[in-house]
Amino acid sequence: MLSQWWRDAVVYQVYPRSFADGSGDGTGDFAGALARLPYLADLGVEAVWFSPFYPSPLADGGYDVADYCDVDPRFGTLADFDAFVAAAAGHGIRVIVDIVPNHCSSAHPAFQAALEAGPGSPERDLFIFRDQPNNWQSIFGGPAWTQVADGQWYLHLFDSSQPDWNWRNPAVPAMFEKVIRFWLDRGVAGLRVDVAHGLFKDPDLPDVPDPAPSDRPSPWFHRPELIGHYASWRAILDSYSPDVFPGERTAVGEFWGTEITHLEPYFRPGGMPQAFNFFLFQTAWDAAALRHTITTSIGLAAESDVVAPWVISNHDVVRPVTRYGGGPLAARDLDVDVALGTRRARAAALLLLALPGSAYVYQGEELGLPEVIDIPDAFRDDPVFHRTGGARLGRDGCRVPIPWSGASKPYGFTEAESTWLPQPTTWGPLTVEAQQADPGSTLNLYKRAIAARPRGGGFAWLDRGDDVIAFTRGDGFTCVVNLSAETLPVEGEVILASGPLEGGLPQDTAVWLRS
């Protein structure tokens with residue numbers, strides 16, 4: 001049987017525009033990523049997931065795809081992508097690409113052809129056009145329908161530049177099967193599937209009550225048709241034999257849900273190999289709440305062959321330092337205690353990497369970067385900000401280019417004078433260069449944790465008090481996270497701690513122990 005490497009891997013997410021710039025234009029690209037491969041190898045990750053790098057108007061950061069089988073010239077070429085895959089393999093690192101099947105860009109040739117062909121045409125049936133809109137609202141704010149010149153309306157659950165595909169038309173799944181094979185044939189180890197809980201909509205497109213009842217299934221998310229659909233994708237993945245690496249090809253679905261029960265259908269055998277577990281970063285810094293989230297999440301996957309990777313951040317959410325130090329939402333007047341947030345984020349990192357299964361780390365998380373809240377409005381890029389008239393700041397704050405070296409902007413990210421999103425003036429101490437030289441830095445904490453994290457073994461809770469998270473992993477490994485106001489005794493040999501152990505384990509500190 002092949003080794004399923006992804007069951008306990010650490011995967012690093014690269015947001016291409018903001019990781020490293022090799023061309024000197026202020027925007028990240030494959031040349032920059034290739035130059036930084038030694039950094040990723042030194043960090044110890046086993047795979048890299050690239051957010052979309054396809055040709056795109058970048059109306060939604062690349063999640064508005066105009067061509068699923070090429071590289072946007074701003075990021076390089078297909079040859080550059082192939083070079084990265086080959087070089088990464090030399091470091092023992094696999095590559096995962098982002099597939100965006102719910103919608104495309106309004107610049108996609110198929111959508112342009114649909115506009116030109118007119119109502120009732122086969123071209124329009126690739127999308128969801130109607131003579132009259134219903135009352136659905138966009139996830140990004142405002143109506144989910146836009147009218148075209150001939151009077152019809154098209155559905156876009158996100159920005160108006162992102163028309164939804166009609167997955168009930170057999171031509172759409174057939175097209176995406178070709179897309180998937182295109183990238184698997186280039187040697188990628190897996191797929192990250194955007195809005196994996198979307199795709200199929202209620203064919204009646206019913207209006208929804210306001211407010212929508214919580215006990216009624218959504219007409220646009222978590223449709224039952226998804227189960228058979230992802231079984232067909234699993235069959236494609238399983239049909240590929242290992243080449244460079246031993247082990248199977250994989251896919252991980254972005255399944256958002258407000259309740260853990262929303263994810264249960266995706267844990268049936270033979271479906272998507274992995275389903276993201278977002279509940280950890282949706283949970284407050286509270287011991288009882290975290291214990292409940294971990295217990296229910298582990299229970300969800302316990303009787304399944306599906307893995308639920310743990311995450312505490314990604315390109316869509318407020319960075320942990322700010323979230324744990326100020327609140328769940330970034331606002332202009334948010335009062336952030338950066339020291340508190342950093343202490344908790346470091347403890348959360350050890351919690352993340354001690355839990356059973358795989359873990360995904362978002363670029364900059366390992367540097368302890370805070371959310372950038374004070375980006376001037378003129379530089380903001382996220383359609384969430386623009387569609388809500390600034391009422392929601394959007395996701396730009398976690399997408400600011402990361403700092404590599406130096407004491408001032410652009411911190412070694414580019415040879416240009418500035419970056420596509422402005423960096424803060426306070427990031428000098430947070431650069432990779434500065435943290436590599438500091439044994440106690442967050443970067444070095446991540447390196448040591450990734451190297452020492454437990455692999456395999458069971459999971460069992462320990463009772464150390466209501467405000468303490470404590471569990472064992474197999475024989476001899478214990479993780480303790482102190483959320484209480486009291487300093488706790490440290491019992492056992494210390495493997496790693498998220499902060500100084502001053503006469504014991506202080507509040508908002510985690511420790512790994514060997515008994």
Side-chain angles (χ1 to χ4, degrees), residues 8-12 43-46 277 279-281 283-287 289-291 293-295 297-298 309-313 319-321 323-325 339-362 364-369 435 438-462 464-465 467-474 476-484 487-502 504-515:
D8 61 1
V10 176
V11 180
Y12 188 90
L43 187 59
V45 301
E46 291 142 280
N277 176 2
F279 292 99
L280 193 60
F281 68 52
T283 302
W285 189 248
D286 173 84
L290 288 167
R291 195 177 298 111
T293 291
I294 294 168
T295 299
S297 298
I298 290 176
W310 305 95
V311 291
I312 58 172
S313 71
R319 285 195 177 276
V321 167
R323 197 169 69 245
Y324 293 135
L340 174 65
T342 299
R343 191 162 63 248
R344 289 177 172 176
R346 287 169 60 97
L350 291 197
L351 174 62
L352 168 81
L353 294 168
L355 289 168
S358 59
Y360 280 62
V361 175
Y362 175 52
E365 177 186 322
E366 80 280 13
L367 302 178
L369 298 182
Q435 295 201 43
D438 177 6
S441 69
T442 299
L443 173 58
N444 281 313
L445 176 70
Y446 267 84
K447 285 184 185 179
R448 292 194 295 271
I450 291 171
R453 68 190 295 260
R455 303 281 186 146
F459 176 94
W461 287 113
L462 298 173
R464 297 291 176 85
D467 295 323
V468 180
I469 297 288
F471 55 86
T472 60
R473 290 289 314 282
F477 179 94
T478 300
C479 175
V480 182
V481 187
N482 184 12
L483 282 76
S484 74
T487 298
L488 303 178
V490 176
E491 302 172 354
E493 177 190 352
V494 175
I495 302 171
L496 189 60
S498 65
L501 302 181
E502 302 164 350
L505 183 65
Q507 185 177 20
D508 296 324
T509 307
V511 65
W512 290 356
L513 302 168
R514 183 180 292 111
S515 59

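Since the model is a prediction, treat every value here as computed from it, not as a measurement.
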Residues that [X] engages under ring-ring contact (aromatic ring centres under 6.0 Å, His included), provided they are two or more places apart:
X	answer
F281	W256, F278
F279	none
W310	none

Among all residues two or more places apart in sequence or in another chain, which pass the salt bridge (Lys or Arg N to Asp or Glu O under 4.0 Å) test with R319? none

Who pairs with E493 by salt bridge (Lys or Arg N to Asp or Glu O under 4.0 Å), at least two apart in sequence or on another chain? R514

Can you list everything that forms a side chain to side chain contact (heavy atoms under 4.5 Å, CB included) with S441? Sequence neighbours excluded, please. Q435, D438, L443, N444

Test side chain to side chain contact (heavy atoms under 4.5 Å, CB included) applied to T295 - qualifying residues, sequence neighbours left out: R291, W461

Can any side-chain N or O of [X] pair as donor or acceptor with the backbone N or O of [Y] at less than 3.5 Å?
X	Y	result
N482	P506	yes
T283	A289	no
R344	V321	no

So do the side chains of [X] and [Y] get within less than 4.5 Å of each other, counting heavy atoms only?
X	Y	answer
I312	R323	yes
L280	L290	yes
I495	L513	no
V45	V361	no

Pair E46 + R455, salt bridge at N-O below 4.0 Å: yes

State which residues pass side-chain hydrogen bond (donor to acceptor under 3.5 Å, both in side chains) with [X]; sequence neighbours excluded, sorted by chain then number.
X	value
T442	R346
Y12	E366
T472	none
S313	E365

Atom CG in L445, atom CG in L367: separation rounded to 0.5 Å? 12.0 Å

Could you give the distance from SG (C479) to CG (L496), rounded to the nearest 0.5 Å? 10.0 Å

For residues 348-356, which side-chain N or O atoms pair as donor and acceptor with protein atoms under 3.5 Å away, sequence neighbours left out?
none

